[in-house]
A.B. asks: 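Structure incoming, see below.
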Amino acid sequence: MTRTVIRGGLVVTAAEEMHADVLIEGERVVALAAFGTSAAEGWTADREIDARGLYVIPGGVDAHTHMELPFGGTSASDTFETGTRAAAWGGTTTIVDFAVQSVGAALREGLDAWHEKAQGNCAVDYGFHMILADVNESSLKEMDLLVAEGVTSFKLFMAYPGVFYSDDGRILRAMQRGADNGGLIMMHAENGIAIDVLVEQALAEGKTDPRYHGEVRRELLEAEATHRAIKLAQVAGSPLYVVHVSAASAVAELAAARDQGLPVFGETCPQYLFLSTDNLAEPGFEGAKYVCSTPLRPKEHQAALWRGLRTNDLQVVSTDHCPFCFVGQKDLGRGDFSKIPNGLPGVENRMDLLHQAVVDGHITRRRWIEIACATPARMFGLYPRKGTIAPGSDADIVLYDPTATQTISADTHHMNVDYSAYEGKEITGKVRTVLSRGTVVVDGGTYHGRPGHGRFQPRATCQYLDR
């Protein structure tokens, strides 16, 4: 069994910071000791890694990705191989992707299809949520079976009528089942029925450019759906996790529910923290690069999102990584914004962007690790195996240079997509070395990983709930 010692870095977890050495045996962390103490100096190892001047942080946990997702007549451009490799480059060592139930098919059929896509192809560890597209007696029973085998969260959509949409009755039934079996209900909260009316009206008026994607998906329709989801969860006695929260009024709905003591949680994404409707309005067809749902909002919403992250009304930052190439995919919507595939690339950028938020004073170092590593691991039943550096944890560890500078660009990223949503953005902080379960997968600008190193991670139920 290989022994590795990481020496002299500043170990940063959600709970504490300390200059410490980290001892790894095989795939697990076995001990930490203060740097320079006799205990640490007595350790012998096959490999020593000098981390002086660096942060030693847990590998990122991105709890919202869509590799190879079929959508809008095409599929997300990152495969599990390319997407998890890019994740590793960016300091993310675990993803939780979404398996999709097709209408008329069993949950098992969708889950098996996603296992087949991922198995043997992933560079880092992975788990699955299950998208419930067809709530019926059979799929409700299957939810129990999936929870038992470690697929413990289920996503429903108030958006996309005719594709993923569930009405309130189906949502309520799924929530009731989740309340019984411990499954966490995740919600895409937008009023899709009303949005479709506004889309139709906009197109009839000749409003076809990408910026209208943001205009028809009104903030009020996100807030209304968030409120409705909270009330349905309250009726069902179910916890609720609202994905990709983008609007100030939706944050206010979550805050009000949490103030009542309800088990309601919220996630936002880097695109809502760093991009805005200004990007959607870029000239020509450039705005199509930024079409995602929920949509980008005016810049003034960013302050409410940062505040929500500081006050813990928002708990997690995930990417909703769902890349489509500008040429050949996004341009399917030239002349009709409703045909632009929804989604942005970002799995490689999240840890760096959130470190920039530390540099900019939006969040603390420990909060960075909390929202990017520890809380997603706890939320989705992976902690303390993932999301921290502690004896017994998987040795998913990133050595991070907090002073290195870099410019984000499609020329240098590793995601399989022909543009960057953050092209030209200069940031401070960069991944130097990444270990996944004790194996070095990235080091000093060289990739050492391989497809098939990543393993499927069965998950426990949400660790923020009393069960």
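Along the sequence shown, the residues carry numbers beginning at 1.
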A.B. asks: Would His321 and Cys269 satisfy side-chain contact (heavy atoms from CB on, under 4.5 Å), going step by step from the backbone distance to the final call?
C.D. replies: CA-CA 9 Å; His321 175 78; Cys269 308; over 6 Å; no
A.B. asks: Looking at Glu116, I want to see if its CD is surrounded by more than 12 non-hydrogen atoms of other residues, nucleotides or ligands under 6.0 Å.
C.D. replies: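 Check fails, neighbour count at 12 or below.
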A.B. asks: Look at the aromatic rings of Tyr400 and His355 and report parallel, tilted or perpendicular, splitting at 30° and 60°.
C.D. replies: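 Geometry flag for His355 against Tyr400: tilted rings.
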A.B. asks: Please check if the side chain of Gln463 supplies one atom and the backbone of Tyr383 the other of a donor-acceptor pair under 3.5 Å.
C.D. replies: yes
A.B. asks: Charged N to carboxylate O under 4.0 angstrom, Glu149 versus Arg108?
C.D. replies: yes
A.B. asks: Please check: side-chain N/O of Thr13 versus main-chain N/O of Ala15, any donor-acceptor pairing under 3.5 Å?
C.D. replies: yes
A.B. asks: Charged N to carboxylate O below 4.0 Å: is that the case for Arg450 and Glu81?
C.D. replies: no
A.B. asks: Below 30° counts as parallel, above 60° as perpendicular, anything between as tilted: where do the rings of Phe164 and Tyr160 land?
C.D. replies: perpendicular
A.B. asks: So Asp396 and Arg437, salt bridge (Lys or Arg N to Asp or Glu O under 4.0 Å) or not? Walk me through it.
C.D. replies: CA-CA 5 Å; Asp396 293 351; Arg437 300 194 326 274; over 6 Å; no
A.B. asks: Please determine if Lys207 forms a cation-pi arrangement with Phe337, meaning its NZ or CZ atom is less than 6.0 Å from the six-membered ring centre and no more than 45° off the ring axis.
C.D. replies: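 No, Lys207 and Phe337 do not form such a contact.
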A.B. asks: In plain terms, say whether Asp144 and Arg177 are close enough for a salt bridge, that is, a side-chain N and a carboxylate O under 4.0 Å apart.
C.D. replies: yes
A.B. asks: Out of Ile195, Ile171, Leu221, which residue meets the side-chain contact (heavy atoms from CB on, under 4.5 Å) rule with Met158?
C.D. replies: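 Answer after filtering Ile195, Ile171, Leu221: Ile171.
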A.B. asks: Can you confirm whether Glu17 is buried at CD, in the sense that more than 12 heavy atoms of other residues, nucleotides or ligands lie under 6.0 Å from that atom?
C.D. replies: yes
A.B. asks: When you measure from the side chain of Gln302 to the backbone N and O of Leu275, does any donor-acceptor pair fall under 3.5 Å?
C.D. replies: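 It does hold such a pair.
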A.B. asks: Would a distance-only check, ignoring hydrogens and angles, find a side-chain to backbone donor-acceptor pair under 3.5 Å from Glu282 to Gly287?
C.D. replies: no
A.B. asks: Are a donor atom and an acceptor atom from the side chains of Asp360 and Gln356 found within less than 3.5 Å of each other?
C.D. replies: yes
A.B. asks: Between Asp62 and Thr65, does any side-chain donor sit less than 3.5 Å from a side-chain acceptor?
C.D. replies: no
A.B. asks: Take atom NZ in Lys117; do more than 12 heavy atoms of anything else shown fall under 6.0 Å from it?
C.D. replies: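 Yes, the 6.0 Å shell around NZ holds more than 12 heavy atoms from other groups.
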A.B. asks: Would you call the rings of His188 and His244 parallel, tilted or perpendicular if under 30° counts as parallel and over 60° as perpendicular?
C.D. replies: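 It falls in the perpendicular class, over 60°.
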A.B. asks: For the side-chain contact (heavy atoms from CB on, under 4.5 Å) test, which of Val316, Leu314, Val317 pairs with Thr375?
C.D. replies: Val316
A.B. asks: Measure the CE-CZ distance between Met186 and Phe157 for me, rounded to the nearest 0.5 Å.
C.D. replies: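 Reported value, rounded in 0.5 Å steps: 9.5 Å.
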A.B. asks: Within this structure, what is the CG-CD1 distance for the pair Asp167 and Ile193, rounded to the nearest 0.5 Å?
C.D. replies: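 Between Asp167 CG and Ile193 CD1, I get 8.5 Å after rounding to 0.5 Å.
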A.B. asks: Thinking salt bridges, do Arg366 and Glu16 make one under a 4.0 Å N-O criterion?
C.D. replies: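 No, Arg366 and Glu16 are not salt-bridged.
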A.B. asks: Atom OH in Tyr422, atom CG in Asn349: separation rounded to 0.5 Å?
C.D. replies: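 So the gap between those two atoms works out to 6.5 Å.
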A.B. asks: Are any of the side-chain heavy atoms of Arg378 and Tyr464 separated by less than 4.5 Å?
C.D. replies: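 They are in side-chain contact.
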A.B. asks: Mark yes when over 12 heavy atoms from residues, nucleotides or ligands other than Glu423 sit less than 6.0 Å from its CD; otherwise mark no.
C.D. replies: yes
A.B. asks: Checking Thr93 side chain against Val124 main chain: does a donor-acceptor pair fall under 3.5 Å?
C.D. replies: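 Side chain of Thr93 to backbone of Val124: no pair is present.
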A.B. asks: Can the positive tip of Arg459 be found less than 6.0 Å from the middle of the six-membered ring of Phe380, inside 45° of the ring normal?
C.D. replies: no
A.B. asks: Can you measure from CE (Met175) to CG (Leu184) and round to the nearest 0.5 angstrom?
C.D. replies: 10.0 Å
A.B. asks: Using the test side chain to side chain donor-acceptor pair (under 3.5 Å), find all partners of Arg367 that sit at least two apart in sequence or belong to another chain.
C.D. replies: Asn312, Glu370
A.B. asks: Assess whether a salt bridge exists between Arg218 and Glu222, defined as any Lys/Arg side-chain N lying under 4.0 Å from an Asp/Glu carboxylate O.
C.D. replies: no
A.B. asks: Taking only residues two or more places apart in sequence, or in another chain, which ones meet Lys141 in a side chain to side chain donor-acceptor pair (under 3.5 Å)?
C.D. replies: none
A.B. asks: Before we go on, tell me: are the rings of His115 and Phe456 under 6.0 Å apart, centre to centre?
C.D. replies: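 Yes, ring centres under 6.0 Å apart.
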A.B. asks: Rounded to the nearest 0.5 Å, what separation is found between the CG atom of Leu296 and the NE2 atom of His301?
C.D. replies: 11.0 Å
A.B. asks: Report the relative orientation of the aromatic rings in Phe98 and His129; use parallel for angles under 30°, tilted for 30 to 60°, perpendicular for over 60°.
C.D. replies: tilted
A.B. asks: When you look at Asn342 and Ser293, which way does the side-chain hydrogen bond (donor to acceptor under 3.5 Å, both in side chains) test go after all the steps?
C.D. replies: CA-CA 6 Å; Asn342 284 217; Ser293 297; 2.3 Å; yes
A.B. asks: Consider only side-chain N and O atoms of Tyr212 and Ser338, and report whether a donor and an acceptor are under 3.5 Å apart.
C.D. replies: no
A.B. asks: Give a yes/no verdict on a cation-pi contact between Lys330 and Phe324, requiring under 6.0 Å between NZ or CZ and the six-membered ring centre and an angle within 45° of the axis.
C.D. replies: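 Pair Lys330/Phe324 does not count as cation-pi.
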